[in-house]
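This report refers to the structure that appears directly beneath it.
What you see is a predicted model; the values in this text were computed from it and never measured.
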Amino acid sequence: MIIAFVLLIIAAYVDMLVIRDGDTAVRASMCIILFYEGWSVLENWSSENENKIARALQRIMVNKAERHLNVPLSDILLNERKENENGEN
């Protein structure tokens, strides 16, 4: 959040001192921030859902759980499925 505020402050200074009489840098900064936050929301949503859209997004996006735990979730899920199959037989 602090990075977003600093980015907006720098963009405001660029608008005042370089571009003069415009808000182009602030608008561009807001677009970058909104894109980043929207991407983060979609990562979270696709990580916790199993519907078709979430699976399609998982192919494009990095799974946050894998990134933060440093463990591929396919290993965890495959081990869990193997235990379920062994327990049922």
Side-chain angles (χ1 to χ4, degrees):
M1 191 61 115
I2 292 173
I3 295 171
F5 288 133
V6 169
L7 179 65
L8 289 174
I9 291 169
I10 291 171
Y13 279 122
V14 167
D15 281 337
M16 284 190 311
L17 302 176
V18 177
I19 298 175
R20 299 180 193 240
D21 295 330
D23 60 352
T24 307
V26 172
R27 286 179 185 230
S29 300
M30 283 304 300
C31 287
I32 291 169
I33 292 167
L34 289 174
F35 176 79
Y36 177 79
E37 291 300 322
W39 188 273
S40 179
V41 166
L42 284 175
E43 281 181 335
N44 289 338
W45 180 77
S46 70
S47 293
E48 64 187 26
N49 284 318
E50 289 298 323
N51 61 20
K52 291 179 183 179
I53 297 171
R55 277 188 252 138
L57 287 174
Q58 287 172 358
R59 291 179 182 221
I60 299 168
M61 300 178 169
V62 174
N63 193 329
K64 280 189 172 183
E66 287 181 5
R67 184 174 49 193
H68 293 297
L69 296 175
N70 293 326
V71 175
L73 288 181
S74 60
D75 291 347
I76 296 170
L77 293 176
L78 290 176
N79 287 338
E80 192 173 287
R81 288 180 187 153
K82 287 178 186 176
E83 289 175 4
N84 287 340
E85 289 174 0
N86 292 337
E88 291 176 0
N89 292 336

Margin query: Ignoring hydrogens, what is the shortest heavy-atom contact between Arg55 and Glu50? Give both atom names and the distance.
Written below: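 Heavy atoms of Arg55 and Glu50 come nearest at NH2-O, 2.8 Å.
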Margin query: Quick check: closest heavy atoms across Ala11 and Ser29, and the distance to 0.1 Å?
Written below: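 It is CB-OG, 3.2 Å.
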Notebook entry, point to check: Sequence neighbours excluded, which residues qualify as side chain to side chain donor-acceptor pair (under 3.5 Å) partners of Asp23?
Noted result: Arg27
Next item on the list: Give me the one residue out of Ile3, Ile9, Leu8, Ile2 that meets side chain to side chain contact (heavy atoms under 4.5 Å, CB included) with Val6.
Entry: Ile2
Item checked: Within-4.5 Å side-chain heavy-atom neighbours: Val18 and Tyr13 ->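 No, their side chains stay 4.5 Å or more apart.
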Next item on the list: Output the distance between atom CG (Leu57) and atom CG (Leu42), rounded to the nearest 0.5 Å.
Entry: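 Here the interatomic distance stands at 5.5 Å.
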Next item on the list: Output the distance between atom CD (Glu37) and atom CD1 (Ile33), rounded to the nearest 0.5 Å.
Entry: 8.0 Å
Item checked: Donor-acceptor under 3.5 Å (Asp15 side chain, Ala25 main chain) ->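 Indeed, once roles are kept as given, a pair shorter than 3.5 Å links the two residues.
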Next item on the list: With sequence neighbours excluded, give me every ring-ring contact (aromatic ring centres under 6.0 Å, His included) pair touching residues 16-38.
Entry: Phe35-Trp39
Notebook entry, point to check: With hydrophobic residues grouped by side-chain heavy-atom distances under 4.5 Å, do Val14 and Leu7 end up in a single group?
Noted result: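 The answer is no; the residues belong to distinct hydrophobic clusters.
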Margin query: Can you tell me if Leu34 has over 12 outside heavy atoms packed within less than 6.0 Å of its CG?
Written below: yes
